[in-house]
S.K.: 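Dropping the structure in here first, questions after.
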Amino acid sequence: MSSRTIISCLQEAKRVAIFGGTHGNEMSGITLVNMWIQNSVEIERDGLVSKPFISNPRAVEKCTRYIDTDLNRAFTPENLSAPDVEGLPYEIQRAKEINRMFGPKGSSDAYDVIFDLHNTTSNMGSTLILESSTDFFNLQMVHYIKKAMAPHTCSVLLNEHPQLKYSTTRSVAKHPIGLEVGPQPQGVLRSNVFESMRTILKHALDFLELFNSGVEFPPCTVDVFRIQERMDYPRDTNGNITAMVHPHLQDCDWEPLNRGDPMFLTFDGRTILYEGANTVYPTFINEAAYYEKQQAFVTTCREILAANAIRKASNVFS
């Protein structure tokens with residue numbers, strides 16, 4: 001006899017925010033959100049309140065990643081509880097404002113879903129970013145999006161590593177989900193990247209509308225890339241980089257990197273090989289914004305996550 005399907009009954013997702021401009025030089029999300037602020041018809045769905053929002057307007061105005069500090073690392077308990085004093089870094093002030101508007105983070109009053117739209121200079125294609133392997137709602141949503149996008153690929157990055165996970169803008173929501181699409185240079189719009197991001201948002205909002213209407217989603221599995229390790233460039237004693245990403249690794253996001261494969265090329269032409277014991281799948285390879293973070297790429301491992309069936313919880317209590 002087969003076991004009964006476990007169904008998780010989850011609260012309706014009524015309030016959704018779409019953030020663009022968390023980084024002020026990532027143009028696809030900024031352009032889409034500004035377009036939707038002017039005319040929201042495209043993101044309207046039955047049973048859903050969708051709010052397009054520019055997260056870091058000062059950085060957007062200057063077309064720079066941030067003003068004082070990275071907004072997408074600013075949503076720590078310490079920052080969000082910091083007193084409102086003169087001289088507080090702009091992004092810390094902004095994080096507190098966003099937390100008041102869309103949170104408070106970790107509370108029942110927080111927005112149900114925040115989509116945070118990003119561009120990368122890396123050859124990652126379309127990538128959805130999850131922060132929890134046990135959020136069945138988000139797992140079901142990315143499963144729906146991946147199926148809807150086929151035959152085009154949409155990778156899923158799981159950022160759950162205790163040392164590498166950071167306090168994102170989207171983490172204010174009950175169900176945070178990031179969208180990273182590239183390659184696209186900073187401060188530039190590319191039509192294919194723009195349209196890919198737009199299409200993914202359409203499918204995501206369709207999923208929310210179906211869920212809110214009472215559609216039950218059966219159990220599913222999702223292939224993910226789980227973040228493992230941050231890899232820095234080789235450096236000299238003064239902290240200056242002494243090598244570049246090897247041409248055999250450049251643009252090879254999500255492709256296997258095996259022990260003995262070329263990883264870096266020094267300025268004098270010497271190849272540095274990958275010496276890890278296990279095959280990994282690098283991503284964010286040579287991301288322009290991560291030079292300051294001392295990161296050449298991150299390694300990931302492939303994993304399959306299982307999600308229970310889900311449906312909207314009834315508001316009737318017995």
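Since the model is a prediction, treat every value here as computed from it, not as a measurement.
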S.K.: Working to the nearest 0.5 Å, report the span between CZ of Arg259 and CG of Leu273.
M.R.: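 Arg259 CZ to Leu273 CG: 9.5 Å, rounded to 0.5 Å.
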S.K.: Using a strict cut-off of less than 4.0 Å between a Lys/Arg side-chain nitrogen and an Asp/Glu carboxylate oxygen, indicate whether Arg198 and Glu42 qualify as a salt bridge.
M.R.: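 Result for this pair is yes, salt bridge flagged.
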S.K.: So which heavy atom on Met197 is nearest to which on Gly29, and how close?
M.R.: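 In this case the closest contact between Met197 and Gly29 is SD-N, 3.6 Å.
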S.K.: Between the main-chain N or O of Met124 and the side-chain N or O of Thr127, is there a donor-acceptor pair closer than 3.5 Å?
M.R.: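 Checked: pair present.
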S.K.: Quick check: does any side chain N or O of Asn123 sit under 3.5 Å from a backbone N or O of Asp251, one acting as donor and the other as acceptor?
M.R.: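 At least one qualifying donor-acceptor pair exists.
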S.K.: Under the side chain to side chain donor-acceptor pair (under 3.5 Å) rule, what do Asp268 and Thr266 come out as? Steps first, then yes or no, please.
M.R.: CA-CA 5 Å; Asp268 59 5; Thr266 65; 2.4 Å; yes
S.K.: Are Phe284 and Phe297 an aromatic pair by the rule of ring centers under 6.0 Å?
M.R.: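 That pair fails the under 6.0 Å test.
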S.K.: Under a 3.5 Å distance rule, please check whether Asn286 uses its side chain to pair with a backbone N or O of Gln250 as donor and acceptor.
M.R.: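 No, because the side chain of Asn286 does not come within donor-acceptor range (under 3.5 Å) of the backbone of Gln250.
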S.K.: Among residues two or more places apart or on two chains, list those pairs meeting salt bridge (Lys or Arg N to Asp or Glu O under 4.0 Å) that have a residue in residues 137-155.
M.R.: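 Pairs touching residues 137-155 that pass the test: none.
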S.K.: For residues 164-189, pull every pair meeting ring-ring contact (aromatic ring centres under 6.0 Å, His included), keeping only residues two or more places apart or in separate chains.
M.R.: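 Listed once each, the pairs are Phe137-His175.
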S.K.: Where does the angle between the aromatic ring planes of Tyr144 and Phe207 fall among parallel (under 30°), tilted (30 to 60°) and perpendicular (over 60°)?
M.R.: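 Tyr144 and Phe207: tilted rings.
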S.K.: Suppose we call two aromatic rings close when their centres sit under 6.0 Å apart. Are Tyr90 and Tyr66 close by that rule?
M.R.: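 Centroid distance Tyr90-Tyr66: not below 6.0 Å, so no.
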S.K.: Is it the case that atom NZ in Lys62 sees more than 12 heavy atoms from other parts of the structure closer than 6.0 Å?
M.R.: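 Atom NZ in Lys62 is not crowded, with 12 or fewer foreign heavy atoms closer than 6.0 Å.
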S.K.: Which atom pair, heavy atoms only, marks the closest approach of Thr121 to Ala288?
M.R.: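 Thr121 and Ala288 have their closest heavy atoms at OG1-N, 2.9 Å.
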S.K.: Is a side-chain donor or acceptor of Thr168 paired with a backbone partner of Asn72 at a separation under 3.5 angstrom?
M.R.: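 Such a contact is absent between Thr168 side chain and Asn72 backbone.
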S.K.: Any link between Leu305 and Val156 through a network of hydrophobic side chains (Ile, Leu, Val, Met, Phe, Trp, Tyr) touching at under 4.5 Å?
M.R.: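 Same hydrophobic cluster.
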S.K.: Can you hop from Val113 to Ile43 via hydrophobic side chains spaced under 4.5 Å?
M.R.: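 Yes.
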S.K.: Testing the basics here: between Ser55 and Phe19, what is the closest heavy-atom pair and its distance to 0.1 Å?
M.R.: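 So the two residues come closest at OG-CB, 3.3 Å.
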S.K.: Are Ile177 and Leu179 in one and the same hydrophobic cluster, where Ile, Leu, Val, Met, Phe, Trp and Tyr link if side-chain heavy atoms are under 4.5 Å apart?
M.R.: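 Result: yes, single cluster for both.
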S.K.: Output the distance between atom CD (Glu180) and atom OG1 (Thr283), rounded to the nearest 0.5 Å.
M.R.: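 Glu180 atom CD to Thr283 atom OG1 measures 8.5 Å (nearest 0.5 Å).
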S.K.: Can you establish whether the number of heavy atoms outside Glu292 located under 6.0 Å from its atom CD is more than 12?
M.R.: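 Check passes, neighbour count above 12.
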S.K.: Salt bridge or not for Asp206 and Arg45, using N-O below 4.0 Å?
M.R.: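 Yes, charged N to carboxylate O under 4.0 Å.
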S.K.: What residues form a side-chain contact (heavy atoms from CB on, under 4.5 Å) with Gln184, not counting sequence neighbours?
M.R.: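 If we apply the side-chain contact (heavy atoms from CB on, under 4.5 Å) test to Gln184, skipping adjacent residues, the hits are Met27, Ser28, Asn119, Arg190, Val193.
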S.K.: Identify whether Phe136 and Val215 are in the same connected component of the hydrophobic contact network (ILVMFWY, side-chain heavy atoms under 4.5 Å).
M.R.: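 Yes, one cluster joins them.
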S.K.: Measuring from Leu249:CG to Leu257:CG, what's the distance to the nearest 0.5 Å?
M.R.: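 Reported to 0.5 Å precision, the distance equals 6.0 Å.
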S.K.: Which pair of non-hydrogen atoms, one from Leu117 and one from Val33, has the smallest distance, and what is that distance?
M.R.: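 It is CD1-CG2, 4.4 Å.
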S.K.: For the backbone of Tyr281 and the side chain of Trp254, can you confirm whether one donor and one acceptor N or O come within less than 3.5 Å of each other?
M.R.: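 No; zero donor-acceptor contacts below 3.5 Å.
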S.K.: Passes side chain to side chain donor-acceptor pair (under 3.5 Å), Gln228 versus Thr300? Steps please.
M.R.: CA-CA 5 Å; Gln228 289 189 302; Thr300 73; over 6 Å; no
S.K.: Does Glu26 come within less than 4.0 Å of Arg65, counting only side-chain N to carboxylate O?
M.R.: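 Here Glu26 pairs with Arg65 in a salt bridge, since their nearest N and O are under 4.0 Å apart.
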S.K.: Does anything in residues 112-131 form a ring-ring contact (aromatic ring centres under 6.0 Å, His included)? List the pairs, not counting sequence neighbours.
M.R.: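 Every ring-ring contact (aromatic ring centres under 6.0 Å, His included) pair that includes a residue of residues 112-131, provided the two are not neighbours, is His23-His118.
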S.K.: Any carboxylate oxygen within less than 4.0 angstrom of a Lys/Arg side-chain nitrogen, looking at Arg94 and Glu97?
M.R.: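 Salt bridge: yes.
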S.K.: Going by heavy atoms in the side chains, are Leu201 and Ile18 under 4.5 Å from each other?
M.R.: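 Yes; the side chains approach each other to less than 4.5 Å.
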S.K.: Considering non-hydrogen atoms only, spot the tightest contact between Pro262 and His248 and give its length.
M.R.: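 Where Pro262 meets His248 most closely, the heavy atoms are CG-ND1, 3.8 Å.
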S.K.: Distance-only, no hydrogens or angles: does the Asp112 side chain make a donor-acceptor pair with backbone N or O of Arg15 under 3.5 Å?
M.R.: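 Such a contact is found between Asp112 side chain and Arg15 backbone.
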S.K.: Test your reading of the model: is there a side-chain donor-acceptor pair from Asn258 to the backbone of Asp261, 3.5 Å cut-off?
M.R.: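 No, the answer is negative, given that no donor and acceptor are paired below the 3.5 Å cut-off.
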S.K.: Quick one: salt bridge (Lys or Arg N to Asp or Glu O under 4.0 Å) pairs with a partner in residues 153-173, sequence neighbours left out?
M.R.: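 Qualifying pairs, neighbours excluded: Asp116-Arg170, Glu131-Arg170, Glu160-Arg226.
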S.K.: Could you measure the distance from the CD1 atom of Ile227 to the CG atom of Leu157? Nearest 0.5 Å is fine.
M.R.: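 Nearest 0.5 Å value for the CD1-CG distance: 4.5 Å.
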S.K.: Applying side-chain contact (heavy atoms from CB on, under 4.5 Å), can you list everything that pairs with Asn212, at least two apart in sequence or on another chain?
M.R.: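 Asn212 satisfies side-chain contact (heavy atoms from CB on, under 4.5 Å) with Glu12, Ala13, Leu48 once adjacent residues are dropped.
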S.K.: Can you check whether Tyr290's main-chain N or O pairs, donor with acceptor, with Gln295's side chain at less than 3.5 Å?
M.R.: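 No, because the side chain of Gln295 does not come within donor-acceptor range (under 3.5 Å) of the backbone of Tyr290.
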S.K.: Locate the shortest heavy-atom distance separating Leu80 from Ala95; write the atom from each residue and the value.
M.R.: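 Shortest heavy-atom separation between Leu80 and Ala95 comes out as CD2-O, 3.6 Å.
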S.K.: Roughly how far, to the nearest 0.5 Å, is CG of Asn56 from CG of Leu71?
M.R.: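 Output value for this atom pair is 5.0 Å.
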S.K.: As a quick check of understanding, evaluate side chain to side chain contact (heavy atoms under 4.5 Å, CB included) for Thr153 and Met149, giving each step before the final call.
M.R.: CA-CA 7 Å; Thr153 59; Met149 289 292 290; over 6 Å; no
S.K.: If I take atom CG from residue Leu139 and atom CG from residue Leu128, how far apart are they, to the nearest 0.5 angstrom?
M.R.: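 Interatomic distance, Leu139 CG to Leu128 CG, rounded to 0.5 Å: 11.0 Å.
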S.K.: Between Phe225 and Leu158, is there a side-chain heavy-atom distance shorter than 4.5 Å?
M.R.: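 A side-chain contact is absent here, since even the closest heavy-atom pair is not under 4.5 Å.
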S.K.: Ignoring hydrogens and geometry, is there a side-chain-to-backbone donor-acceptor pair from Lys96 to Ser81 under 3.5 Å?
M.R.: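 Judged by distance alone, no pair lies under 3.5 Å.
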S.K.: For the side chain of Asn138 and the backbone of Pro176, is there at least one donor-acceptor N/O pair under 3.5 Å apart?
M.R.: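 Indeed, once roles are kept as given, a pair shorter than 3.5 Å links the two residues.
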